[in-house]
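Atom set for the values below is all heavy atoms of this structure, side chains included, hydrogens, waters and symmetry mates excluded. Chain letters run A, B, ... following the sequence lines, proteins first, then strands; residues in each count from 1.
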Amino acid sequence: MTALLFELLDVEKSYELRGGGAAFRPGPKRRLRALDGVRLTVARGDSVALVGESGSGKSTLLRVLMGLTSPTDGRALYGGQDVTQLKGERRAAFQREVAMVYQDARGSLNPRLPVLDLIAEPIRHHKLRAGPAVRDRVLELLDQVGLPAATLKRYPSQLSGGQVRRVAIARALASEPLTIVADEAVSGLDVSTQAQLLNLLVELQRRMGLTLIFITHDLGVASFLCDQIAVMYLGRIVETGPTRAILERPAHPYTQALLNAQPRFFAPIAQPLQGEIPSPIDLPPGCRFAGRCPRAVPACREDDPALMPSGQGRAVACIRPLTAAA
Amino acid sequence: MLLFVGRKLAQTIFILLMVSIVSFTLLKLAPGDPVQMALGSEYSQEAYASLTHEMGLDQSLVVQYGHWLWGFITGDWGRSYVGRTPIFQYAFVEALPVTLTLAASALFLAILIGVPLGVLSAARQDTILDAGTAALSLTGTAFPSFYLGILLIWIFGVHFGLFPTMGFVAPWQDFLDGVYHMTLPALTLSTYFMAMIVRLVRANLIEALQQPYVAAARARGESERRVIWLHGMRNVLMPLVTVLGLQLGALLQGAVLTETVFSLPGVGQMITNAVLNREYLVVQAGVMMTGCLFIFVNLLVDLAYPWLDPRLKPR
Amino acid sequence: MSLQMSSSAVQATSRPLVELEDFSLWRQNRSVLDGLSFTLPKGQNLALVGESGAGKSTIGLALMGLLQSQGVKMAGRARFDGQDLVSLNARAWNGLRGRRLGMIFQDAGAALDPCFTIGHHLAFPLRRLLGLSSRQATERALALLESVGINDAKARLKAYPHELSGGMQQRVMIGIALACEPDLLIADEPTSALDVTIQAQIVRLIQDRVRMQGASCIFVLHDLALASQACERIVVLYAGQVMEAGLAEVVLGRSRHPYTQALKSCVIELDTAALEPPPGAAPSLDRMPSGCRFAPRCPRASERCTAEKPPLQGTEAHQIACWHPG
Amino acid sequence: MSETLLVDKIARRPAWWAGLGSYIRHRPFFILALLVTLAFLAIALLGTAVTPFDPTFQDMEAPMSPPSSTHWLGTDSYGQDLLSRAMAGARYAFLTGICSVLLGALGGLAVGLMAGLAGGRTEWFLMRIVDAILALPSLVMAIAFIAILGQGVDKVILAVGLALIGPFARTVRADVLQVRALPFVEAAGLMGIGKLAIVRRHILPNVFFPLVVQATIRISEAILVSSSLSFIGIGIVPPTPDWGLMIAEGRGFVSFAPWMSGVPGAALAILLIALAIVGDGIREQMDPKQRAGH
């Protein structure tokens with residue numbers, strides 16, 4: 001098998017909340033579980049989509065993955081080492097090999113620097129080029145993401161939303177990474193701009209053999225871009241495996257509900273999922289999805305199902321998966 | 001809720017302590033020897049030593065500070081060298097009410113005129129009326145108040161002889177005469193605030209009127225008047241009260257100058273004279289009073305936030 | 001009661017509910033909408049689709065009379081139930097808004113005044129417009145909230161907007177907009193701020209309530225597939241011009257305009273293998289191309305396209321503005 | 001297609017002076033105020049070279065004379081030429097205004113950066129000190145410093161500058177916190193860029209620029225406070241031609257020689273109003289969203 005880049009081993013991230021009581025007599029401590037028992041491996045060359053609604057914990061998962069926050073329990077590894085413990089050369093290697101594209105692309109670019117300096121910063125920092133070669137490399141990167149050379153002297157505020165995302169991608173590519181981690185990199189854009197960017201990402205990934213970890217709320221984007229998918233709900237991965245297989249025959253009722261909610265030309269609007277994603281504070285026992293699940297039985301409210309392999313590289317956390325019923 | 005109030009109070013007390021440390025340091029940094037100043041030019045060695053002991057100046061700074069703070073809290077603010085009168089009586093009982101009367105009447109006038117003018121300006125955005133109000137309010141915020149006071153004295157006091165140009169009559173003793181004497185000073189002091197309120201209300205109201213909830217209110221069929229006064233002004237209240245609280249300092253600062261111009265026996269005059277007479281204890285009392293007043297008012301503003309904006313209600 | 005009203009309203013006349021004829025709008029002397037024409041028969045739903053900057057939200061605001069000031073000029077005709085809206089005065093607008101026209105917004109959280117409770121919001125249409133007594137108004141408010149799927153309506157009346165979730169806020173907005181049983185509801189991107197599983201709930205709710213009350217709805221949408229699911233009629237806009245309009249199954253099923261085709265080719269469905277977005281980006285307001293505004297990005301553009309604006313031609317079932325329809 | 005557009009753009013690009021013309025037409029008051037400010041500044045720089053009389057020359061022949069052909073704006077009670085004194089006063093106004101703002105801005109930058117970057121207890125403690133200082137209006141603060149330092153131009157600059165550190169520190173800290181939370185700072189960290197380099201390259205430029213804007217706006221406040229100090233008689237000492245001092249001198253004679261306070265009063269008022277308009281213009285240019293406000 002190919003080398004494992006990222007491994008999340010039973011990662012839990014919870015926050016303690018205080019307050020709620022009267023003065024000088026704080027109420028009972030409450031726990032917000034942003035992530036709970038998350039297992040995920042990403043091998044070199046994989047393209048993985050993390051899909052979920054807001055509050056599903058996908059952003060927290062990303063922060064744990066990048067070593068921006070350490071898990072309360074479990075471990076997050078990169079190349080077999082704990083990401084928060086990386087030292088010296090290994091740490092420098094991680095910083096160069098893994099590049100991130102932010103959801104807020106504009107905010108991720110210093111507004112006081114022109115595009116040339118923005119893209120040159122990682123090149124210079126990692127000493128990948130020197131002297132005039134830096135500028136040539138920046139021009140090359142701009143060309144790769146489909147921006148004209150004139151963009152070099154522009155400031156982020158002079159660029160459109162689509163262009164800013166291209167600059168952010170070029171900047172991520174500048175450190176010649178193995179992995180690109182993208183957080184909702186195409187959301188909030190017009191469909192034609194989104195399509196342009198998706199085409200660009202697919203092309204870059206194929207040509208450079210990049211590993212891609214892509215966070216999105218859109219199943220369509222996930223299916224277009226990624227071979228692997230992990231569906232998250234309330235801090236848990238509820239189903240994971242090859243994208244095609246899962247979208248053709250989802251096993252978890254929540255995956256099915258997400259699929260149903262996807263608008264389809266001229267189809268009548270499907271029966272929507274009832275209720276809303278509950279608050280992650282003080283969850284009741286049992287499956288987190290049980291309260292909204294159309295297939296829930298009393299047992300679902302007692303035992304919290306773990307993510308169990310179900311063959312063909314798939315895994316599902318459900319005691320009554322749809323695949324078994326069919 | 002109680003927790004919220006408690007936390008705010010604790011923070012306020014801490015800031016008050018800091019203010020007291022700042023004022024105490026000021027006193028210690030002041031040039032000259034207080035014992036010498038109290039004794040005058042001729043004194044004996046024993047008298048010097050005994051007074052030093054009496055004033056506690058032979059103790060450590062921390063003890064002196066504690067002593068001084070306790071005195072301040074209990075109303076023992078020391079005696080003025082010049083008048084040999086208790087400073088508490090002079091500063092708190094006599095000067096402060098004058099300054100407060102001036103500040104309150106100026107603020108009242110500023111709100112009374114500034115708010116409607118600001119609303120009108122925002123509602124008639126980009127008309128001649130708006131431009132005129134903008135020009136006036138810009139001039140009003142920038143015009144030096146002490147010169148404005150002199151101008152008002154010249155025009156209304158000297159030229160037309162309509163109002164008295166100096167002196168203070170307590171409105172709680174003779175209301176009409178008090179108001180009569182307060183008219184020009186209050187007008188002088190209020191100009192800046194009136195102009196500032198106009199600008200603040202206009203800017204915030206225009207911003208509020210661009211919010212989706214205002215479009216939604218209009219879409220519901222609410223009348224323009226209701227939209228402005230209910231949805232617009234309700235949301236302007238919060239920044240308005242905040243800025244008024246923060247600008248209290250400017251109000252007190254303006255009062256110092258206005259008191260000088262109109263010869264009102266308030267805190268401003270007190271501090272000015274004290275600086276000239278090198279009466280550091282009085283300067284310190286003035287500094288402490290203005291600081292405490294500012295902090296107290298801003299505590300009230302902080303406590304009013306949850307009421308002004310329900311989103312800030314502590315849970 | 002609302003059901004009876006609805007059937008009589010549908011049968012009343014064959015006069016269209018909304019009719020735009022060569023309707024143009026300028027903001028600070030810049031052309032935002034250019035010669036729009038379309039009709040909406042009573043009892044039908046219509047979707048305005050297109051990318052950002054197409055002017056679809058502007059149409060919604062103009063139909064609500066919310067663009068009366070600030071350097072906005074209008075020309076042409078926009079009729080609502082036979083009444084010309086372009087020349088309407090403020091008093092007449094106040095008679096229409098709330099009573100016969102209702103609107104819901106993209107971000108319901110921002111469209112509810114943060115300083116007032118839900119009950120206070122509902123009190124205006126019920127007490128001022130319908131003239132109900134305090135007790136009647138409370139009863140109606142409770143019924144309204146229940147009709148839009150809000151549980152525990154009594155407690156919600158006393159809640160402030162920020163205490164509700166995004167989906168709940170949008171339900172409240174729908175309740176307020178429909179309180180006086182308007183003839184036309186304008187829904188400006190009602191679901192794009194919401195999670196996918198909630199989106200389906202909200203669209204279905206709007207559809208159901210509008211149908212129950214015998215009203216019509218104009219949706220402003222960017223999602224073509226959702227438009228085809230929710231509406232009988234579609235108007236495709238680009239940079240302030242109508243490109244193609246008519247029945248949904250014709251416009252989106254057998255589209256002939258290159259822009260509609262391009263938009264459709266950007267929609268990702270679960271089996272999409274390739275996206276073919278048009279090159280470039282939509283023009284900005286101060287640099288509108290002459291003639292057909294899509295011409296600079298159009299694969300079929302000829303000299304005629306940049307010189308002369310193509311007229312909107314065809315039947316009510318299908319109108320198209322293109323010199324080279326495919 | 002895009003090439004034709006580019007050519008089109010170049011052909012239609014207006015000359016730079018055409019842009020200036022439209023700028024003047026759109027913001028006549030801003031330009032006027034800027035010119036007035038520059039004129040005051042020029043007078044301040046040229047000093048006695050352009051004043052008709054020595055500002056401290058006492059014309060015993062003509063004390064308190066009204067505006068005449070010799071003394072265009074009249075004289076004061078010592079027979080000193082008011083026009084000359086008002087012109088000379090501009091120098092002290094700018095001197096105290098600019099120097100004290102520089103002092104306050106630098107001090108504020110240091111304290112604010114420290115508080116904003118340190119975080120935790122240091123920040124809490126520093127900010128409570130700043131809160132305590134801010135509780136005192138800048139004039140009262142300056143009076144207190146004057147009480148310690150004594151009177152004179154340098155003392156006034158020091159006192160006003162020290163009084164301004166609090167407000168500057170507060171805005172710098174707020175800016176630092178805001179910038180620190182922006183994704184590009186986190187992104188730089190992820191890239192492995194060192195903490196100091198992040199502060200220097202990414203945080204400082206984003207904090208410094210608004211600070212400069214704020215400093216220009218606060219110059220008028222500094223001028224007002226320093227002339228107020230002189231007015232109440234504890235700032236600059238006579239016979240230095242300071243506007244606040246001159247207004248105070250003329251105050252007693254307002255009933256029969258209103259020009260005595262009127263000339264310096266008008267000079268001060270005109271400069272402060274011009275500065276306010278310029279400041280407003282700069283702020284609007286920087287942040288078109290925040291129009292007016294406090």
Side-chain angles (χ1 to χ4, degrees), chain A residues 51-56 146 159-163 186-200 202 216-225 233 243-244 246-248 250 254 257-279 292, chain C residues 49-54 149 151 164-168 191-208 221-230 238 248-249 252-253 259 262-282 284 297:
Chain A
V51 181
E53 299 179 274
S54 55
S56 62
L159 303 174
S160 71
Q163 289 171 320
V186 297
S187 67
L189 293 170
D190 275 326
V191 277
S192 66
T193 318
Q194 175 179 308
Q196 289 169 357
L197 279 174
L198 286 175
N199 281 343
L200 173 70
V202 166
T216 179
H217 64 273
D218 189 331
L219 272 185
V221 170
S223 75
F224 183 77
L225 211 53
Y233 187 79
T243 311
R244 198 135 294 265
I246 286 184
L247 297 186
E248 267 161 22
Y254 177 63
L258 278 182
L259 263 173
N260 286 348
Q262 199 76 10
R264 238 163 290 200
F265 276 108
F266 303 115
I269 296 173
Q271 180 65 41
L273 195 57
Q274 293 304 305
E276 300 190 2
I277 198 161
S279 148
R292 297 174 76 190
Chain C
V49 297
E51 298 179 278
S52 57
N151 306 323
L164 305 183
S165 69
M168 284 298 154
T191 61
S192 52
L194 302 172
D195 275 325
V196 272
T197 54
I198 311 295
Q199 280 180 11
Q201 295 175 357
I202 295 294
V203 173
R204 270 186 76 135
L205 174 68
I206 296 174
Q207 263 191 330
D208 290 350
L221 292 173
H222 63 268
D223 189 327
L224 292 189
L226 183 60
S228 77
Q229 290 180 300
Y238 180 79
E249 60 266 28
L252 294 179
Y259 179 62
L263 263 188
K264 270 183 70 184
S265 77
C266 294
V267 176
I268 311 170
E269 291 195 277
L270 296 177
D271 50 0
T272 303
L275 300 169
E276 287 155 29
S284 71
R297 298 173 72 187

CA sep, side-chain torsions, deciding dist, call: His217(A), Asp195(C), side-chain contact (heavy atoms from CB on, under 4.5 Å): CA-CA 8 Å; His217(A) 64 273; Asp195(C) 275 325; 5.5 Å; no
I need the [X] [atom1] to [Y] [atom2] distance, nearest 0.5 Å.
X	Y	atom1	atom2	value
Ser228(C)	Phe265(A)	OG	CZ	5.5 Å
Cys266(C)	Asp190(A)	SG	CG	9.5 Å
Arg264(A)	Gln229(C)	CZ	CD	8.0 Å
Gln201(C)	Ile269(A)	CD	CD1	12.0 Å
Ser192(A)	Arg297(C)	OG	CZ	4.5 Å
Leu219(A)	Glu269(C)	CG	CD	13.0 Å

Chain C interface, residue from Gly162(A), Ala261(A), Ala195(A), Gly146(A) that has the most non-hydrogen pairs under 4.5 Å: Ala195(A)
Top contributor to chain C contacts, counting heavy-atom pairs under 4.5 Å, from Ser54(A), Ser223(A), Ser160(A), Pro263(A): Pro263(A)
Any sub-3.5 Å donor-acceptor pair from [X]'s side-chain atoms to [Y]'s backbone N or O?
X	Y	result
Gln196(A)	Pro277(C)	no
Glu53(A)	Thr197(C)	yes
Asn199(A)	Leu275(C)	yes
Gln199(C)	Gln262(A)	no

Residue [X] versus chain C: region with a heavy atom under 4.5 Å:
X	value
Leu198(A)	side chain
Leu259(A)	side chain
Gln194(A)	side chain
Val202(A)	neither
Ala270(A)	backbone

Considering all heavy atoms, the nearest Thr193(A)-Glu51(C) contact: N-OE2, 4.4 Å
Region of Glu249(C) that comes under 4.5 Å of a non-hydrogen atom in chain A: both
Heavy-atom contact with chain A under 4.5 Å, split by part of Ala262(C): neither
Residue selection (most heavy-atom pairs with chain A, distance under 4.5 Å) from Thr272(C), Asn151(C), Ile268(C): Ile268(C)
